[in-house]
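Note sheet for the following structure.
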Amino acid sequence: RKEVEQDPGPFNVPEGATVAFNCTYSNSASQSFFWYRQDCRKEPKLLMSVYSSGNEDGRFTAQLNRASQYISLLIRDSKLSDSATYLCVVNQKGGYQKVTFGTGTKLQVIP
Amino acid sequence: DGGITQSPKYLFRKEGQNVTLSCEQNLNHDAMYWYRQDPGQGLRLIYYSQIVNDFQKGDIAEGYSVSREKKESFPLTVTSAQKNPTAFYLCASSVPGQSNQPQHFGDGTRLSIL
């Protein structure tokens with residue numbers, strides 16, 4: 001089983017739609033969670049951290065479910081500019097910040 | 001503005017040649033990382049360094065070497081021993097030992113074989 005798993009997609013959604021991605025992780029000792037956005041042929045950029053109580057940033061909402069070991073990202077009112085690959089990132093505790101990246105979920109917002 | 005600068009943006013390597021990718025950061029981060037990304041795949045860790053003059057192998061270190069002589073700089077050399085070097089190389093930095101701190105990335109170097 002992969003340490004971090006994501007549905008690769010692509011998710012093709014119309015503008016204005018709400019879309020949600022899930023990401024599962026296998027290590028119950030995982031401490032911190034993030035969502036990154038990666039545009040085609042560009043570097044990953046931090047979208048948002050994921051807090052235990054859930055958090056929201058504009059149209060984006062992140063949730064953490066430790067019992068089931070998954071995190072989610074909800075995008076409301078999708079824009080064309082949201083088209084990208086969304087990477088789930090899991091950090092584990094330790095002297096070395098062990099970071100595991102998911103392979104990403106591709107989102108395509110259609111006019 | 002603080003950030004991570006990678007150069008060059010595009011690099012071509014001839015057979016049997018070593019090439020060095022530059023990574024410089026002014027974020028005052030102690031930890032730096034090198035990743036490789038192949039098409040349709042996730043990021044794979046090549047090397048990391050938590051502090052100056054110290055570095056450790058990641059998951060795919062064979063055929064690569066690094067140095068960390070300065071806090072700001074973490075160059076990666078792709079040696080001729082790396083038989084499949086064509087990939088997108090990403091450098092990152094973070095505050096070490098704090099798992100709640102995200103990594104910040106440079107804009108990457110694309111390496112191709114001539």
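The figures here come from the full heavy-atom set of this structure, side chains too, leaving out hydrogens, waters and symmetry mates. In what follows, chains are A, B, ... by sequence order, proteins preceding strands, each numbered from 1. Worth saying up front: this structure is predicted, and the values here are computed from it rather than measured.
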*asked:* With clusters defined by side-chain heavy atoms of hydrophobic residues (ILVMFWY) lying less than 4.5 Å apart, directly or transitively, does L73(A) cluster with V13(A)?
replied: yes
*asked:* So which atom in Q101(B) and which in N91(A) form the shortest heavy-atom distance, rounded to 0.1 Å?
replied: O-ND2, 3.5 Å
_F105(B) side, atom CZ; Y36(A) side, atom OH - distance, nearest 0.5 Å_ = 5.5 Å
_Could you measure the distance from the OG1 atom of T103(A) to the CG atom of L43(B)? Nearest 0.5 Å is fine._
10.5 Å
*Looking at side-chain heavy atoms only, is the closest gap between P102(B) and V89(A) below 4.5 Å?*
no
_Hydrophobic clustering (ILVMFWY, side-chain heavy atoms < 4.5 Å, transitive) - are I71(A) and V90(A) grouped together?_
yes
_Please classify the contact between R44(B) and chain A as side chain, backbone, both or neither, with a heavy-atom cut-off of under 4.5 Å._
neither
_Single-linkage hydrophobic cluster, 4.5 Å side-chain cutoff, L76(B) and I60(B) together_ = yes
_Is any side-chain heavy atom of R110(B) closer than 4.5 Å to one of R41(A)?_
yes
*Tell me yes or no: between the side chains of Q37(B) and Q38(A), is some donor less than 3.5 Å from an acceptor?*
yes
*Spatial distance of atom NZ (K42(A)) from atom CZ (F88(B)) [nearest 0.5 Å]*: 8.5 Å
_Starting from V4(A), can I reach L47(A) by hopping between I/L/V/M/F/W/Y residues whose side chains sit under 4.5 Å apart?_
yes
*To the nearest 0.5 Å, how far apart are CD in E43(A) and CD in Q6(B)?*
8.0 Å
*Is a side-chain donor or acceptor of Y33(B) paired with a backbone partner of V99(A) at a separation under 3.5 angstrom?*
no
_For residues F34(A) and F101(A): do they belong to one hydrophobic cluster (side chain heavy atoms under 4.5 Å, members Ile, Leu, Val, Met, Phe, Trp, Tyr)?_
yes
